[in-house]
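Okay, structure first, notes after.
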Amino acid sequence: MKYALAFAILFAAPVSAQDFGLTGDRVFSFDLGLGAKIGSAYPGAEEAEVAPWFIFRDAGFGPVGTAPAQGFSLAPSINIVGSRDSSDEAALTGLDDIDRAYELGLRASYATGPVTAYGSLRRGFDGHEGLTGEVGAKYRTELSDRVTLWSGAEVGYGNDEFNDTYFGVTPAESATSGLPVTAPGGGVNEAAITFEARYALNDTTALSGEVRYGKLIGDAADSPVVQDEYQPSLRLGITRRFSFGF
């Protein structure tokens with residue numbers, strides 16, 4: 001219900017709000033929206049789950065009338081990691097349960113022409129209290145006035161606390177699960193390729209989709225907790241573009 005309410009508020013906002021201040025030489029624009037994603041229930045999981053997708057993307061500054069925005073920008077970075085219950089999978093028997101985690105942080109990006117490079121850093125709450133994020137780049141292709149595609153590659157990383165939470169096995173867990181003690185430590189834990197598509201319904205509203213094909217690497221891939229190194233996901237949503245002139 002709360003996601004439906006947020007969706008209604010977002011798209012019930014008057015269009016005039018998007019035209020606020022567009023008399024300056026530059027404009028800050030971003031896409032804001034909601035959707036759903038299906039992917040691994042937690043890092044290394046074999047089973048998939050459906051979760052909400054909070055969309056905040058393509059933020060940046062540019063001349064009035066230019067889209068997407070160019071140059072350097074900072075934007076919120078939000079993610080949700082599913083819970084891990086030892087009773088759900090035989091392979092998890094004896095391991096501690098992990099609550100659903102909510103991650104909040106920042107994403108920095110720099111766009112020049114069709115290329116955008118980015119990096120993000122988020123802190124977890126509830127399920128984990130570590131730091132995690134991604135570094136990558138993507139290339140934009142305009143197929144028509146309405147259809148835009150992006151292809152990209154990125155690597156994911158986590159600090160000691162994040163990687164130990166999802167890929168580690170403590171001595172106590174080893175005694176109850178029979179798995180070897182594992183302490184992966186911080187570092188890069190995943191590599192992925194991404195494909196995104198945007199279909200503009202009008203000047204401000206669009207349908208968005210993303211296919212992400214990730215693979216756990218390094219110590220994360222070697223963890224006895226991991227049931228599947230390959231971590232594909234699919235996201236579908238709707239966004240609205242907001243622009244504010246300066």
Side-chain angles (χ1 to χ4, degrees), residues 37-57 74-89 91-109 117-136 153-177 179-192 194 210 212-233 235:
K37 62 180 180 180
I38 180 170
S40 301
Y42 56 86
E46 185 176 21
E47 299 297 325
E49 73 167 11
V50 178
W53 180 28
F54 300 98
I55 310 169
F56 191 106
R57 58 171 48 180
L74 283 174
S77 180
I78 301 170
N79 189 42
I80 297 176
V81 184
S83 61
R84 191 182 81 184
D85 192 333
S86 62
S87 63
D88 290 341
E89 297 287 341
L92 301 177
T93 301
L95 299 179
D96 294 340
D97 293 341
I98 302 174
D99 294 334
R100 184 182 300 273
Y102 303 90
E103 299 174 352
L104 178 63
L106 289 174
R107 172 187 170 107
S109 62
Y118 60 88
S120 63
L121 180 65
R122 298 181 298 274
R123 185 190 186 278
F125 299 89
D126 289 345
H128 78 85
E129 297 183 353
L131 298 175
T132 184
E134 305 84 26
V135 174
E154 66 181 25
V155 293
Y157 60 88
N159 69 350
D160 291 3
E161 190 162 358
F162 177 89
N163 285 346
D164 285 344
T165 298
Y166 293 102
F167 307 117
V169 179
T170 66
E173 289 178 312
S174 177
T176 56
S177 68
L179 298 176
V181 174
T182 305
V188 174
N189 52 35
E190 187 183 23
T194 61
E210 175 186 313
R212 185 178 186 277
Y213 192 74
K215 182 182 185 299
L216 296 178
I217 58 177
D219 290 345
D222 296 331
S223 169
V225 176
V226 171
Q227 300 172 56
D228 193 341
E229 295 180 3
Y230 295 95
Q231 305 281 281
S233 64
R235 303 184 184 193

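Only a predicted model underlies this, so the values are computations on that prediction, with no experimental measurement involved.
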Atom pair OG/CZ of Ser77 and Arg123 - distance to nearest 0.5 Å: 15.0 Å
Minimal non-hydrogen separation, Val135 against Tyr157, with atom names: CG2-CE2, 4.0 Å
Main-chain N/O of Tyr118 paired with Ser109 side-chain donor or acceptor, under 3.5 Å: no
NZ/NE/NH1/NH2 to OD/OE distance under 4.0 Å, Lys37 and Glu210: no
Donor-acceptor contact below 3.5 Å, side chain Ser40 vs main chain Ala48: no
Non-hydrogen side-chain atoms of Arg122 and Leu104 separated by less than 4.5 Å: no
Arg212/Glu134 salt bridge by N-O under 4.0 Å criterion: no
Nearest atoms (heavy-atom pairs only) where Glu49 meets Gly82: OE2-CA, 3.4 Å
Point-to-point distance, once rounded to the nearest 0.5 Å, from CD of Glu173 to CG of Leu179: 8.5 Å
Close side-chain approach of Thr132 and Val81, heavy atoms under 4.5 Å: no
Minimum-distance pair of heavy atoms, taken over all atoms of Asn163 and Gly158: ND2-O, 3.2 Å
Side-chain donor or acceptor of Thr182 paired with backbone N/O of Pro180 under 3.5 Å: yes
Shortest non-hydrogen contact between His128 and Ala101, atoms and distance: CD2-CB, 3.5 Å
Passing option when Tyr42 is tested against Asp88, Leu92, Asp85, Ile98 for side-chain contact (heavy atoms from CB on, under 4.5 Å): Leu92
Whether Ser177 side chain and Thr93 backbone form a donor-acceptor pair below 3.5 Å: no
Main-chain N/O of Leu131 paired with Asn159 side-chain donor or acceptor, under 3.5 Å: yes
Point-to-point distance, once rounded to the nearest 0.5 Å, from CG of Leu216 to CG of Asp228: 8.5 Å
Spacing of CG belonging to Asp219 relative to CG belonging to Asn189, to within rounding of 0.5 Å: 10.0 Å
Test: Arg84 and Glu47 ion pair at under 4.0 Å: no
Spatial distance of atom CG (Leu74) from atom OG (Ser120) [nearest 0.5 Å]: 12.0 Å
For Gly94 against Ser86, the heavy-atom pair lying closest together: N-CB, 4.5 Å
Option among Asn79, Ile80, Ile78 that satisfies the side-chain contact (heavy atoms from CB on, under 4.5 Å) test with Tyr102: Ile80
Non-hydrogen side-chain atoms of Arg100 and Asp126 separated by less than 4.5 Å: no
Expected output: side-chain Asp164 to main-chain Ala183 donor-acceptor under 3.5 Å: no
Side-chain donor/acceptor of Gln231 to backbone N/O of Gly39, under 3.5 Å: no
Closest contact, heavy atoms only, Gly127 versus Tyr166: C-OH, 4.4 Å
